[in-house]
Amino acid sequence: MTIRPLVILPDPKLRLVSEPVKDITDEIRKLADDMLETMYDAPGVGLAAIQIGVPLRMVTMDVSKTEGEREPMVLINPEIVWASEEKRVYEEGCLSIPEYYEEVERPDRIRFRYMNLKGEIIEQDAEELMATCVQHEIDHLNGVLFIDHLSKLKRDRVMTKFKKAAKRGAAGA
C-alpha cells in the first residue's frame, strides 16, 4: 500500500467528472488499498479517487463510530437511488480543502447502490454521518465540492484563500 499525494484546491482536476470503473482488476484493488491507506493517513472518513488524481468513479470510506476500530468500505460506481425530503445539517470538511469546515445541508437519509471489490452490486440505506459522507464523495465523482453547497460569498472567500496559498506555494518551490 502506498500513501498518495492529495489533490488540493484550486487544482482543476477536482472539477473533472470521473469515468465509470469497467472491471475489477488487480490495478483497481491496488488503487483501493492505496486510497484507504491515504485516507487513514490524512486522516479522513472518505476519499474519492479524483482526490489522488485518478478520475475513476471509486470511493473509500470508514465511518466507524468506535475508536480504534476500522470498517473500511470501497464503493465502485456508487449512485444515490433515493433521498429523503428531510434535510440535516452537518459540519463538513474535505481532505482536498484542508483545515476548512462549514455546515452543509443535505438529505438526512439516502439509499445508494455500488459495486464492491468482489463485483457484487449492493444497495444500502444510510443516515446521519454515512449519508453525508456518501453524498459528499459522490459529489466529488461529479466534479462538485462541498463548498459548492455554500453561499457564493463563502465559496468565493475559500477559493481566494486557496488560490493565494497555491501561489505562495508555487513561489516557494
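A quick note: this is a predicted structure, and the numbers were derived from the prediction, not measured. The basis for the numbers below is simple: all heavy atoms, side chains too, and nothing from hydrogens, waters or symmetry mates.
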For residues [X] and [Y], report the shortest heavy-atom separation together with the two atoms involved.
X: Gly93; Y: Tyr101; result: CA-CD2, 3.6 Å
X: Met115; Y: Ile24; result: SD-CD1, 3.9 Å
X: Gln51; Y: Gly46; result: OE1-O, 4.4 Å
X: Leu95; Y: Ala42; result: CD2-CB, 3.5 Å
X: Ala48; Y: His140; result: CB-CB, 3.5 Å
X: Glu103; Y: Val89; result: CB-CG1, 3.5 Å

message: Quick test of your reading of the model: are Glu86 and Arg109 salt-bridged, counting only N-O distances below 4.0 Å?
response: yes
Would [X] and [Y] show up in the same hydrophobic cluster when neighbours are defined by side-chain heavy atoms closer than 4.5 Å?
X: Val144; Y: Val158; result: no
X: Leu141; Y: Met130; result: yes
X: Met58; Y: Phe112; result: no
X: Ile28; Y: Ile50; result: no
X: Leu145; Y: Leu56; result: yes

Is it the case that the side chains of [Y] and [X] hold a donor-acceptor pair, with the cut-off being a distance below 3.5 Å and no angle test?
X: Asp62; Y: Ser64; value: yes
X: Arg57; Y: Asn142; value: yes
X: His136; Y: Glu92; value: yes

When rounded to the nearest 0.5 angstrom, what is the spacing between [atom1] in [X] and [atom2] in [Y]?
X: Ser18; Y: Ile138; atom1: OG; atom2: CD1; result: 11.5 Å
X: Phe162; Y: Asp11; atom1: CZ; atom2: CG; result: 12.5 Å
X: Tyr40; Y: Met1; atom1: OH; atom2: CE; result: 9.5 Å

- request: Would you please test Lys161 and Asp156 for salt bridge (Lys or Arg N to Asp or Glu O under 4.0 Å) and show each step?
  value: CA-CA 9 Å; Lys161 174 185 171 186; Asp156 288 350; over 6 Å; no
Check whether any side-chain heavy atom of [X] sits under 4.5 Å from a side-chain heavy atom of [Y], and report yes or no.
X: Asp125; Y: Ile110; result: no
X: Glu37; Y: Thr2; result: no
X: Gln135; Y: Pro107; result: yes

message: For Trp82, is there any backbone N or O sitting under 3.5 Å from a side-chain donor or acceptor partner on Arg111?
response: no
message: When you measure from the side chain of Tyr90 to the backbone of Thr132, do you find a donor-acceptor pair of N or O atoms at a distance under 3.5 Å?
response: no
task: Might you work through the salt bridge (Lys or Arg N to Asp or Glu O under 4.0 Å) test for Glu102 and Lys154, ending with a clear yes or no?
output: CA-CA 9 Å; Glu102 195 64 61; Lys154 284 183 180 178; 3.1 Å; yes
Just checking [X]: does its [atom1] atom have more than 12 heavy atoms from other residues, nucleotides or ligands closer to it than 6.0 angstrom?
X: Glu27; atom1: CD; result: no
X: Lys30; atom1: NZ; result: yes
X: Glu120; atom1: CD; result: yes
X: Arg157; atom1: CZ; result: no

Could you list the donor-acceptor pairs under 3.5 angstrom formed by side chains in residues 69-78, with sequence neighbours left out?
from: Asn77; atom 1: OD1; to: Val21; atom 2: N; distance (Å): 2.8
from: Asn77; atom 1: ND2; to: Val21; atom 2: O; distance (Å): 2.9

- request: May I have the step-by-step check of side-chain contact (heavy atoms from CB on, under 4.5 Å) for His149 and Arg106, ending in yes or no?
  value: CA-CA 9 Å; His149 296 278; Arg106 297 183 185 267; 3.5 Å; yes
- request: Can you sort out the partners of Glu79 under salt bridge (charged side-chain N to carboxylate O under 4.0 Å, His left out), two or more places apart, ordered by chain and number?
  value: Arg113
- prompt: Asp26 and Arg29: salt bridge (Lys or Arg N to Asp or Glu O under 4.0 Å), yes or no, with the steps?
  reply: CA-CA 5 Å; Asp26 287 343; Arg29 283 187 274 279; 3.0 Å; yes
Under 3.5 Å, side-chain donor or acceptor atoms of residues 3-10 against the rest of the protein: list the pairs with distances, not counting sequence neighbours.
from: Arg4; atom 1: NE; to: Asp34; atom 2: OD2; distance (Å): 3.0
from: Arg4; atom 1: NH2; to: Asp34; atom 2: OD2; distance (Å): 3.0

- request: Report the C-alpha distance between Glu123 and Tyr114 in whole Å, list the side-chain angles of each, state the deciding distance to 0.1 Å, and finish with yes or no for side chain to side chain donor-acceptor pair (under 3.5 Å).
  value: CA-CA 7 Å; Glu123 199 163 292; Tyr114 65 96; over 6 Å; no
